[in-house]
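Read the structure below first, then the notes.
Residues take their numbers from the sequence shown, with the count starting at 1.
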Amino acid sequence: MKISTKGRYALRLMLDLSINHTGSYIPLKTIAQRQHISDKYLEQIIHLLSKNGLVQSARGAMGGYRLARTPEQYNVGEILRIVEGSLAPVSCLDCATPCDKIDSCITVGLYKKIQDAIDEVVDHTTLADMINEYRSKHQDKPDYML
């Protein structure tokens, strides 16, 4: 499994919203500047996150985006799956209808173990966990630049 730029930027965007979570809306341009990411690219990502209910948006002078929940209520897996799709290491584990060789495939067990390990990590790591881990390792630095 390789996480694309879109997946990495989605995670950075959500972490930025988490660190700056006050209940107020944050302009996307502000996040783009802090993260050194094109605001046009972030618009594509934030649209997916908003459409799937992870963030709330408001228009106007005081508009922008904010988390729909607290950082503790988001796991990395749900964010990545929204922008990446399946996290399965091989397509045969992702299909509703497995291939005709599934019963005799010598490698499918290994691929399933890999998928289970990935799911375990991403589904049990919250945004709050990531922020806390970063802060504990970088106590002498101001908030992050991922």
> How many angstroms lie between atom OG1 of Thr5 and atom CD1 of Ile37, to the nearest 0.5 angstrom?
Replying inline: 9.5 Å
> Within a strict 4.5 Å, meaning less than it, do heavy atoms of the Val55 and Met14 side chains meet?
Replying inline: yes
> Partners of Tyr111 by ring pair (Phe, Tyr, Trp, His ring centres under 6.0 Å), sequence neighbours excluded?
Replying inline: none
>> Using the side-chain contact (heavy atoms from CB on, under 4.5 Å) criterion, which residues pair with Leu110? Sequence neighbours excluded.
In response: Ile114
> At what distance, to the nearest 0.5 angstrom, does CG of Leu17 lie from CD1 of Ile26?
Replying inline: 5.0 Å
> Checking Tyr74 side chain against Ile79 main chain: does a donor-acceptor pair fall under 3.5 Å?
Replying inline: no
> Once you round to the nearest 0.5 Å, how far does CG of Leu127 lie from CD1 of Ile19?
Replying inline: 9.5 Å
> Does the side chain of Arg34 come within less than 4.5 Å of Ile31's, by heavy atoms?
Replying inline: yes
Donor-acceptor pairs are to be reported for all side-chain atoms of residues 63-73 against protein atoms at under 3.5 Å, with residues two or more places apart or in another chain.
residue	atom	partner	partner atom	Å
Arg66	NE	Tyr25	OH	3.4
Arg66	NE	Gln56	OE1	2.8
Arg66	NH1	Gly23	O	2.7
Arg66	NH2	Tyr25	OH	3.3
Arg66	NH2	Gln56	OE1	3.2
Arg69	NE	Gln73	O	3.3
Arg69	NH2	Gln73	O	3.1
Arg69	NH2	Glu78	OE1	2.9
Arg69	NH2	Glu78	OE2	2.6
Thr70	OG1	Glu72	OE1	3.2
Thr70	OG1	Gln73	OE1	3.2
Gln73	OE1	Thr70	N	3.0

> Do the side chains of Asp116 and Lys113 get nearer than 4.5 Å, heavy atoms only?
Replying inline: no
Below 3.5 Å, can you tabulate the donor-acceptor pairs from side chains in residues 80-93 to any protein atom, sequence neighbours excluded?
residue	atom	partner	partner atom	Å
Arg81	NH1	Gly77	O	3.4
Arg81	NH1	Asp123	OD1	2.7
Arg81	NH2	Asp119	OD1	2.8
Arg81	NH2	Asp123	OD1	3.4
Arg81	NH2	Asp123	OD2	3.3
Glu84	OE1	Ser4	OG	3.3
Glu84	OE2	Ser4	N	2.9
Glu84	OE2	Ser4	OG	2.6
Glu84	OE2	Gly7	N	3.2
Ser86	OG	Ala88	N	3.0
Ser86	OG	Asp94	OD1	3.0

> Looking at Asp16 and Asn20, what are the two nearest heavy atoms and their distance?
Replying inline: O-ND2, 2.8 Å
> Which heavy atom in Ala32 sits nearest to a heavy atom in Leu42, and how many Å separate them?
Replying inline: CA-CD1, 3.6 Å
>> Keeping Ser136 on the side-chain end and Glu133 on the backbone end, is there a donor-acceptor pair under 3.5 Å?
In response: yes
> Can you list every side chain to side chain donor-acceptor pair (under 3.5 Å) pair that touches residues 42-52, not counting sequence neighbours?
Replying inline: none
>> Using only atom types and a distance under 3.5 Å, with no angle test, would you say the side chain of Arg12 pairs donor to acceptor with the backbone of Gln35?
In response: yes
> Yes or no on side chain to side chain contact (heavy atoms under 4.5 Å, CB included) for Leu11 and Ile3, after CA distance, side-chain angles and deciding distance?
Replying inline: CA-CA 11 Å; Leu11 197 51; Ile3 299 171; over 6 Å; no
>> Tyr9: which residues meet the ring pair (Phe, Tyr, Trp, His ring centres under 6.0 Å) condition with it, sequence neighbours left out?
In response: Tyr41
